[in-house]
Amino acid sequence: MQYDVKAAYQAGADGVMVAARTRIKGVFYSVVTAGAAIIFYDNASAASGTVVLTLPASVAGQHTVDVPGEGILCDNGVFVDINGGAAVTLFHG
């Protein structure tokens with residue numbers, strides 16, 4: 001199935017990345033100070049509900065994650081809890 005892939009960016013604070021149903025296709029994130037994990041929720045308004053993806057922020061630097069197959073379905077949108085990360089780019093569609 002062919003469909004458009006979009007990108008969303010969040011830096012420095014937790015927030016809504018996508019406010020509608022989507023699939024997470026990939027993530028690029030940077031970590032300045034090692035800390036807690038970056039957590040993605042199937043929720044468009046808060047860091048609560050179903051956790052769909054947790055990425056380690058234990059090593060400083062830039063990290064890329066490709067999600068296989070059709071991606072991770074998020075029926076309610078995507079909210080990111082950045083924790084130890086500095087910035088996150090989410091590829092979705």
Side-chain angles (χ1 to χ4, degrees):
M1 175 189 304
Q2 181 68 36
Y3 52 88
D4 295 334
V5 174
K6 300 172 183 88
Y9 178 77
Q10 185 74 27
D14 303 348
V16 176
M17 296 204 76
V18 182
R21 183 179 192 268
T22 194
R23 291 181 181 270
I24 296 173
K25 304 296 287 178
V27 180
F28 174 79
Y29 66 105
S30 62
V31 177
V32 176
T33 303
I38 296 171
I39 304 168
F40 294 88
Y41 294 88
D42 182 358
N43 190 336
S45 61
S48 63
T50 304
V51 173
V52 294
L53 180 63
T54 302
L55 300 174
S58 55
V59 177
Q62 298 177 337
H63 309 279
T64 302
V65 177
D66 293 320
V67 178
E70 294 297 318
I72 301 170
L73 178 61
C74 297
D75 285 317
N76 303 302
V78 179
F79 188 94
V80 66
D81 186 351
I82 289 183
N83 289 314
V88 175
T89 299
L90 176 75
F91 300 98
H92 65 96

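Under the side chain to side chain contact (heavy atoms under 4.5 Å, CB included) criterion, Thr54 pairs with Ala37, Ile39, Val51, not counting sequence neighbours. Residues passing the ring pair (Phe, Tyr, Trp, His ring centres under 6.0 Å) test with Tyr41, sequence neighbours excluded: none. Applying the side chain to side chain contact (heavy atoms under 4.5 Å, CB included) rule to Ala7 yields the partners Thr89, Phe91; only residues at least two apart in sequence or on another chain are considered. Scored by the side chain to side chain donor-acceptor pair (under 3.5 Å) test, Ser48 finds Asn43 as partners (sequence neighbours excluded). Ala87 meets the side chain to side chain contact (heavy atoms under 4.5 Å, CB included) test with Tyr9, Ala11, Ser30; sequence neighbours excluded. The side chain to side chain donor-acceptor pair (under 3.5 Å) search around Ser58 returns none, not counting sequence neighbours.
A heavy-atom distance below 4.5 Å is not found between the side chains of Val31 and Val59. Counting heavy atoms from C-beta outward, Phe79 and Cys74 have side chains that stay 4.5 Å or more apart.
Here the CG-OG1 distance, from Asn83 to Thr33, works out to 13.0 Å after rounding to the nearest 0.5 Å. Once rounded to the nearest 0.5 Å, the distance linking CD of Gln62 with OH of Tyr29 reads 11.5 Å.
Residue pairs meeting the salt bridge (Lys or Arg N to Asp or Glu O under 4.0 Å) criterion with at least one member in residues 22-43: none, sequence neighbours excluded. Pairs engaging residues 7-21 under the salt bridge (Lys or Arg N to Asp or Glu O under 4.0 Å) rule: Arg21-Asp75 [sequence neighbours left out].
Cluster membership for Ile38 and Val52, using ILVMFWY side-chain heavy atoms within less than 4.5 angstrom, is shared. Note: the hydrophobic cluster containing Val78 does not contain Val16 (ILVMFWY, side chain heavy atoms under 4.5 Å, direct or indirect links). Connection of Leu55 to Val18 is established within a shared hydrophobic cluster, with ILVMFWY side chains joined at heavy-atom distances below 4.5 Å, either directly or through further cluster members.
Residue Met17 forms a side-chain contact (heavy atoms from CB on, under 4.5 Å) with just one option from Thr22, Ile24, Val27, Leu90, and that option is Leu90.
Grouping Ile, Leu, Val, Met, Phe, Trp and Tyr residues whose side-chain heavy atoms lie under 4.5 Å apart, directly or via other members, leaves Leu73 alone, with no other cluster members.
The minimum heavy-atom distance between Ile82 and Ala13, with the atom names listed, is CD1-O, 3.1 Å. Shown here for Val67 and Gly71, the closest heavy-atom pair between the two residues is CG1-CA, 3.6 Å.
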